[in-house]
Amino acid sequence: MLENFYLVYAIVGFFSLGAIFGLFSRGKPQHVYLTYIPSIIGSFLAIILSIVVFTSEDIHITLSSQQIFNFEIFIDGVASFFILIIGLISFAVSIYSLSYSKKFDDKKNNSNLGMLFNLFIISMMLVVASNNIFFFLIFWELMSLTSFFLVIYEHDNENNLKSGLTYLVMTHLGTAFILASFLFMYAQSGSFSFDSFRDAGIIPDYVRDIAFILAFIGFGTKAGVVPLHIWLPQAHPSAPSHVSALMSAVMLKIAIYGIVRYLFDFNSIDGSSHYLWWGLGVVVIGSISALVGILYALVERDIKRILAFSSIENIGIILIGLGLSVVFASFNLTSLSVLAFVASMFHTLNHAIFKGLLFMTAGSIHYSTHTKNIEDLGGLIKKMPWTGLMFLIGTIAIIGLPPLNGFISEWLILQSLLSVFQIPSTILQVSLAFASLALALTIGLAAATFVRLFGISFLSKSRTLKAANAVEVPRFMLAGKAILASSCIVLGILPFIGINLIATAFNLSYTPLNPFEPLSIITEDGKSFASLMMPTVLIILLSSFVSIFVLVKIIGSKTSVKKYNTWDCGFGGLSERTQYTATSLAEPLSRIFAVFYKPKNEIINYFYSDQNQYLKKSIEMSHTTRNIFDEFYDLTLSFSLYILNKIRKIQTGKINAYILYIMIALLSLLFAMGAGIIE
Amino acid sequence: MNEFSITEPLFGIFQVLLLVVLSPLIVGIMRKTKAKSQKRVGAPIIQPYFDILKLVKKEEVVSDQSSWIFRCNPWVNFVATVSAAFFIPVSIVYSPFGVMGDILLVIGLFGLGKFFTILAGLDVSSSFGGLGSSREIMFSTLVEPALLITIFVIAIFYGGTNISTIVASANDISFLASPGVIFALIAFFIILMVETGKLPFDNPSTHLELTMIHEATVLEYSGKSLALIEWSQSIKQIILLTLFVNIFIPWGISNNFSLTEISFGIVLIIVKIISLGILIALIETRIAKWRLFRVPDLIAISIASSMIGVIFFFI
C-alpha cells in the first residue's frame, strides 16, 4: 500500500522535473532530452500505477485536514482506466517528441513548449485523480490553460491566435457549467468531496437532473459534442502536432471521464426509469455528433482538421454506447447495459490509441513536407514507407475493419444497438433503430473520409515539390508511432485483453475471457445472439493466404513482372495534374449531402482579349463547401454584438448617472423585499 | 457428437473449397444467360476457368507509379473473401466455424477488400482509377446504412447476427416470418446488385471506362493479379448469393450432420444459386444502366425498405 503512494509522488515529481527543466533550460537543441525524458518516465510510471490499482486496491490520499481545501486523491478503477489511457498515449507521444520538437529549434524557446507539455499531461492525470470539487476545478483549469497556451504556441500565425481565443471562450463556458453543476450538488450534499455526491440518498432527483444537464453541457463542450464543438476543429490543428495528439486522443477523454463519473458513480441508474431520458438524450446527441463530425471531416483538406472532425465523430460513437448503457440499465437489462458500457469504454481506449497515432503521423507529414494540405501531397508512401505503413494501420483501425481494434469496439457498439429489441417499449425501439441508421451512415462516411485521406496523401504521384522532396522522419518519431500501431494490432487480435481490463477497472459483472474464448452476446432467453473470436479469424486469414499462395505458385508458370507507364488511353501526358484530387474524390458525396455543405462551384474564364469572348486562355474552377455551424455561430456573434452595442449606451461616463443606477437598484431591492419575492 | 469433432471442420473447409471452385461457373452461367437472351451464342459456361488459368500463366505489367498497396491488393482481396466464406452456412444450417464470426465480420472482411481496391485505384495515378474509386466510395458509403439496417431486421426477426442462428431459425419457420422479412428481402436484393456490380448500378462488361465503377479501379491489373481479382470478385458474388438463398429461401437445407441430407443439401444449394444467378442475369438484360446520381435513389429505396422492415417487427 505504501509503495503506491510513492508511485503517485514519483509521477508528479517526474513531470514537475520536466516542467522545471523546461522553464530554466534555455532552448538549446539537446535540452529537449531534459524535458521529454522525465515525461517518458512519468508516463511509464503512470501505466504501472494503473496496473497496480487494477490488481490491488484503490489509492486514497488526503493531505491537509481543512474542510474545503482538503486535497484528496482518490484513484479507483475508473480513474486508473483513464490514467492508463493518459499514460499510454503520453508515453508514445513523449518518445515521438524527442525528435519532433526539433522542428521548433530555430523558431523560439523550444523549452517552454516542453514545460507546457509536462504541465498539460500531469494536470490531466490530477483531474482524474482529484476527489474534491475544489481541486478538480483547479486542475481542470490548469489543463485548459496549458492547452490554450499550447494552441497559441505558434502565435506568429494569426489564425492560431483566433482559434486559441475561440478555444479559451468555449472552454471557460464549459467550466462555468461544470462549476454550476457542482455547486448544485454541493448545495444539497453540503460537502466539497465527491464522496458525498456518491451518497445516493441525500440529493433529490430534480437536483440530479439539473446537475446532470449542466455537467453534460460543461463536459460536452470539452468533448466537442455538436453543437458545442465549434472550437475543436480550430484548436486541435493549431497546436503543435504532438500536442494535438494529446488533446484529441486524451483531453477529450477527460470529458468522457466526467460524464462517466456523473452517470455511473454519482448516480446509481440501475433499474430506475427516472434516468431513462438521460440515456436517450445522450444517444441522440451522440448520434448527431457522430454524423455531423464525420460529414465535415469528409470535405476538409487540412489533415489535422480532418482528424479533429473525426474526433467529434468518435466522441459521438462513445456517447451512443454510454447512452445505450443507461437506457438498458433503466430497464434492468443489466447484461446489455454492461455490454454497451464495455463497448463504449473499449472505443474510448481504441480512439485514444489510433487518434494519437494518426495525429503523430500527421505531424510527421508536416515535419517532412511543411504542408498540411492533402491536395499538395501524394506519393508519400514511397518517400516515407514506415510512416505510410503506420498510417495505413491507423486508417484501417479507425474505419473499423477487421482485424484491428476499431472493428472490435464498433462490433460491440453495433451489437448493443441491435439488442434494443429486448427493451419492452416499442417507441424506444423504433427511435433507437434510427440511431443505428445514423451510426451506419457514420461508419460508411468514416471509411470514405479516411480512404480519401490516405489515398490522396500517400498514393499516386507527388502533386508538389514539397511532397516529392519528403524524407522519412527520425527514428524516435517512428518509435512513438510504432508503440501505438502495435497496440492497435494487439487489441484487435486479442480483444480479451481490453475487455478484461475494462471489466476489472469498472468492476463489472463480466466474466473474464480466455484468449480462445469468443466474445459472445446472449439474449435474455439465453440464446446466443452473436459471437466473435478474433484469434481464429486471424488463423483463417493466414491459412487461406498460404494456401492461395501455394496454389498460384503451382498452377501459374514462372512469369516476369514488367514495369511500365500507367495506361493513358494512348493520349500520353499523364501527369500529377490529371490525377484525382481530394476534392474531386469527395465531390459525389458532397453533392448528395448538399444540405450540410451547400457546395458551390465557381468557374472563372480567362480570355485572350475582352473583345473576343470565344477564345479562352484558361479556365479556373473552384469548389467550395461551407460549414453551417460556423455560419450559425457567426450569426449568434453578430447578434450579440448588436445587442451589447445597444446596452453599452448606459455607460455614459458621468458620475451622476452611476449614482442614479445605484439608487434604482437599491429601490428595486427594497420593493422586492417588501413584496416578499426575496427574503 | 465426439466422432464428428474433426469431420465437421473438415467438412467446413470442403464447403469453402466448393464455393471457391464453383464461383467462376456461376459467372459463366450468368454470362451465357445474358448472351442467350440477347440472341448471341456467347462463350462456353466454363470460359471463366480458362480465363483464370490463362491469366495466371501470363506476364504481369505493373504501373511504375504504383506502390506496394497496388501489389498486395489482389492478395488481400482474395484472402479476405475466402475467409468470409468460412463463416456462412452452405449446405447445412450451421457453419462449423460459425462461433468464430458473424455477419458483421463477413461485411467487415468484404470492407477490407473494398478498402484496398479503392486505394489501388488511386495508387496508379490515372484518372480512370480515381474516377472508379470516387464512385466506389460513394456507393459503399450509401450501401453501408442499407446493409446494416437490413442486418438489423434479419437479426431481430431471427434472433441473432450469427449467421448459423439466422439460417437455423429461418429454416424452422415454414414461411417468411413476417412482412418485415419481405422488406428486408427487397433491401438485400438491391444491395446484392450493388455489391456484385450489376446493372443498373455498374456494368463491368462494357469497355467504356467512363461507365465502369469496379472495373475502373482494377483497370491496371494484369496477369496473376488480375486472375486473383476476378476470382475473388466471383467468390464474393457466390457468397452473397448463398447468403441470400440461405436467409430468405433456406428450405431443404440439411438440418443435421448426416451424409444423405448433406449431399441433398449441396445439390439443392447449387440448384438454388444457379437459378438465382439466372434470374439476376435475366433482370440485367431487361434494364439499362442508370445515371450515376439517380443510383442513390435506388439505394435510398433499399434503406427505406429495411426501415419499414424494422417498424414491422415492432408493431
Side-chain angles (χ1 to χ4, degrees), chain A residues 381-382 396 401-402 407 411 414-415 418 421 426 429-430 433 436-437 440-441 443-445 447-448 451 454-455 459-461 518 523 527-533 536-537 540-541 544-545 548 552 555-557 559-568 574 578-580 584-585 588-589 591-592, chain B residues 53 56-65 67 69 75 78-79 82-83 86 99-102 104-105 108-109 111-112 115 118-119 122-127 130-131 133-135 137-138 140-142 144-145 148-149 152 155-156 159-162 165 219-220 223-224 296 307 310-311 314-315:
Chain A
I381 200 162
K382 278 164 254 166
I396 295 177
L401 291 176
F407 175 71
W411 186 84
L414 281 171
Q415 290 297 350
L418 289 174
F421 75 93
T426 312
Q429 287 166 332
V430 176
S436 55
L437 186 64
L441 193 56
I443 292 172
L445 284 165
V451 162
F454 182 81
L459 302 179
S460 73
K461 281 183 186 166
T523 56
K527 274 198 279 185
S528 161
F529 189 78
S531 53
L532 182 68
M533 192 156 137
T536 33
V537 172
I540 289 175
L541 281 170
S544 33
F545 175 72
I548 185 61
V552 169
I555 60 170
S557 47
T559 50
S560 59
V561 175
K562 201 166 88 184
K563 286 215 163 191
Y564 200 70
N565 293 343
T566 302
W567 186 58
D568 51 15
L574 266 189
T578 56
Q579 58 192 354
Y580 249 55
S584 52
L585 199 65
L589 281 171
R591 218 196 279 191
I592 291 169
Chain B
L53 274 177
V56 167
K57 290 188 173 141
K58 279 209 157 203
E59 182 199 46
E60 206 176 327
V61 183
V62 174
S63 161
D64 55 359
Q65 300 299 328
S67 63
I69 299 270
W75 300 96
F78 195 89
V79 168
V82 171
S83 305
F86 276 87
V99 196
M100 291 146 200
D102 65 350
L104 295 175
L105 178 69
L109 287 170
L112 189 67
F115 172 73
I118 293 173
L119 288 184
L122 287 170
D123 199 17
V124 291
S125 79
S126 92
S127 1
L131 184 142
S133 298
S134 170
R135 291 174 180 179
I137 286 175
M138 177 181 114
S140 58
T141 306
L142 295 175
E144 188 82 36
L148 279 174
I149 298 296
F152 197 116
I156 54 182
T161 56
N162 200 325
T165 319
L219 205 61
E220 282 292 318
K224 288 192 182 69
M307 270 321 274
V310 173
I311 293 166
F314 291 128
I315 55 175

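The analysis underlying the following values was restricted to heavy atoms, covering all of them including side chains, and did not include hydrogens, waters or symmetry mates. Naming convention: chains lettered A, B, ... in sequence-line order (proteins, then strands); numbering from 1 in each chain. Since this is a predicted model, take the numbers as computed values, not measurements.
- The candidate from Leu445(A), Leu541(A), Leu414(A) with the greatest count of non-hydrogen atom pairs under 4.5 Å with chain B is Leu541(A).
- A search for ring pair (Phe, Tyr, Trp, His ring centres under 6.0 Å) contacts involving Phe86(B) returns Phe97(B), not counting sequence neighbours.
- A distance-only check finds a donor-acceptor pair linking the side chain of Asp123(B) to the backbone of Ser67(B) [under 3.5 Å].
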Self-check item: Steps toward side-chain contact (heavy atoms from CB on, under 4.5 Å) verdict (Leu418(A), Ile156(B))
Solution: CA-CA 7 Å; Leu418(A) 289 174; Ile156(B) 54 182; 5.7 Å; no
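- Both the backbone and the side chain of Leu105(B) come within contact range of chain A, with heavy atoms under 4.5 Å apart.
- Ranked by heavy-atom pairs shorter than 4.5 Å toward chain A, the options Ala155(B), Ser134(B), Gly108(B), Ser133(B) are led by Ser134(B).
- When Ile548(A), Leu441(A), Ile396(A), Val537(A) are compared by the number of non-hydrogen pairs under 4.5 Å with chain B, Ile548(A) comes out ahead.
- Pairing each heavy atom of Glu220(B) with each of Ser63(B), the nearest pair is OE1-CB, 3.8 Å.
- Of the listed residues (Ala447(A), Ser544(A), Ala440(A), Ser584(A)), the greatest number of heavy-atom pairs within a distance under 4.5 Å of chain B belongs to Ala440(A).
- Residue contact with chain A, scored on non-hydrogen atoms closer than 4.5 Å, involves the side chain of Lys224(B) exclusively.
- Only the side chain of Phe78(B) comes within contact range of chain A, with at least one heavy atom under 4.5 Å from a heavy atom of that chain.
- Of the atoms belonging to Thr161(B), heavy atoms from both backbone and side chain fall under 4.5 Å from chain A.
- The minimum heavy-atom distance between Ile555(A) and Lys57(B), with the atom names listed, is O-CE, 3.4 Å.
- Both the backbone and the side chain of Tyr564(A) come within less than 4.5 Å of a heavy atom of chain B.
- The candidate from Val310(B), Leu142(B), Ile137(B), Val82(B) with the greatest count of non-hydrogen atom pairs under 4.5 Å with chain A is Ile137(B).
- Counting only distance, with no hydrogens or angles, the side chain of Glu60(B) and the backbone of Val561(A) share no donor-acceptor pair below 3.5 Å.
- Between chain A and the residues Ile118(B), Leu109(B), Leu119(B), the most heavy-atom pairs under 4.5 angstrom are made by Leu119(B).
- Qualifying side chain to side chain contact (heavy atoms under 4.5 Å, CB included) partners for Ser125(B), counting only residues two or more places apart in sequence or in other chains: Ser460(A), Lys461(A), Thr566(A), Gln579(A), Gln65(B).
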Practice problem: Assess whether side-chain contact (heavy atoms from CB on, under 4.5 Å) is satisfied between Leu112(B) and Phe407(A), documenting all intermediate values. | Solution: CA-CA 11 Å; Leu112(B) 189 67; Phe407(A) 175 71; over 6 Å; no
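- The most heavy-atom pairs under 4.5 Å with chain B, out of Gly455(A), Ala448(A), Pro588(A), Ala530(A), come from Pro588(A).
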